[in-house]
Amino acid sequence: MRYSGGWMVLADDRILEFIRNEGSGSPKVMADSGYVRYSRGYISKRCRKLVEHGLLNDLGNGVYTISERGEKYLDGEIDTSEDRPDEIESHRDSGPSAGENHEQV
């Protein structure tokens, strides 16, 4: 399961998936591919937003690669919400914390 932030849109997942599969990509190549079905201008705008949030790397000349953070997002390993930490917390019960484990004297 992916944990997308409120700032993300469906196009972002398609862009990240395309770039991961192809190794790199430009807005023109993505628009021409038919996999990312948005205009070149919109894809370019979203790529800049993904760079801003650390999910893509901008190589210059309109070419992008996926970052380690972008890979983790696609694999469901991080939460990209701005108000939550990147790491997905495990919901398993690991017992009381050190602060909770004290006896009454």
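Along the sequence shown, residues are numbered consecutively beginning with 1.
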All side-chain hydrogen bond (donor to acceptor under 3.5 Å, both in side chains) counterparts of S44, not counting sequence neighbours
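Result, side-chain hydrogen bond (donor to acceptor under 3.5 Å, both in side chains) vs S44: R48.
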
Sequence neighbours left out, what passes side-chain hydrogen bond (donor to acceptor under 3.5 Å, both in side chains) with E17? Give chain and number order.
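By the side-chain hydrogen bond (donor to acceptor under 3.5 Å, both in side chains) rule, E17 matches R2, R14, Y35.
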
Could you measure the distance from the [atom1] atom of [X] to the [atom2] atom of [Y]? Nearest 0.5 Å is fine.
X	Y	atom1	atom2	result
L10	R46	CG	CZ	10.5 Å
L50	I19	CG	CD1	8.0 Å
L56	S24	CG	OG	11.0 Å

Given the rule in the side-chain contact (heavy atoms from CB on, under 4.5 Å) test, do C47 and M30 qualify, once you have shown the distances and angles that lead to the verdict?
CA-CA 11 Å; C47 285; M30 286 185 261; 3.8 Å; yes

Picking from D79, D12, D13, what satisfies side-chain hydrogen bond (donor to acceptor under 3.5 Å, both in side chains) with Y73?
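Looking at D79, D12, D13, the match for Y73 under the side-chain hydrogen bond (donor to acceptor under 3.5 Å, both in side chains) is D13.
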
Residues that K45 engages under salt bridge (charged side-chain N to carboxylate O under 4.0 Å, His left out), provided they are two or more places apart:
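Scan of K45 (salt bridge (charged side-chain N to carboxylate O under 4.0 Å, His left out), adjacent residues dropped) gives none.
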
Take R69 and H53, measure what side-chain contact (heavy atoms from CB on, under 4.5 Å) needs, and give me the verdict at the end.
CA-CA 9 Å; R69 186 167 190 256; H53 286 274; 4.2 Å; yes

Can you run down the salt bridge (Lys or Arg N to Asp or Glu O under 4.0 Å) pairs that involve residues 29-44, sequence neighbours left out, and say none if there aren't any?
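Every pair satisfying salt bridge (Lys or Arg N to Asp or Glu O under 4.0 Å) with a residue in residues 29-44: K28-D32.
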
Considering all heavy atoms of both residues, which atom of [X] and which atom of [Y] are nearest to each other, and what is their separation?
X	Y	answer
G25	F18	CA-CE2, 4.4 Å
Y3	G76	CE1-O, 3.7 Å
L16	L74	O-CD1, 3.7 Å

Report yes if some heavy atom in the side chain of V9 is under 4.5 Å from a heavy atom in the side chain of K49; otherwise report no.
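Side chain of V9 against side chain of K49, heavy atoms only: no contact under 4.5 Å found.
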
Residues 57-66 side chain polar contacts: donor-acceptor under 3.5 Å, at least two apart:
from: N57; atom 1: ND2; to: T65; atom 2: OG1; distance (Å): 3.4
from: D58; atom 1: OD1; to: G60; atom 2: N; distance (Å): 2.8

Counterpart residues, ring pair (Phe, Tyr, Trp, His ring centres under 6.0 Å), relative to Y38 (two or more places apart):
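Applying ring pair (Phe, Tyr, Trp, His ring centres under 6.0 Å) to Y38 gives Y42.
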
In sequence, state the C-alpha distance, the side-chain angles, and the governing distance for I78 and E71, and then conclude on side-chain contact (heavy atoms from CB on, under 4.5 Å).
CA-CA 9 Å; I78 65 168; E71 293 276 1; over 6 Å; no

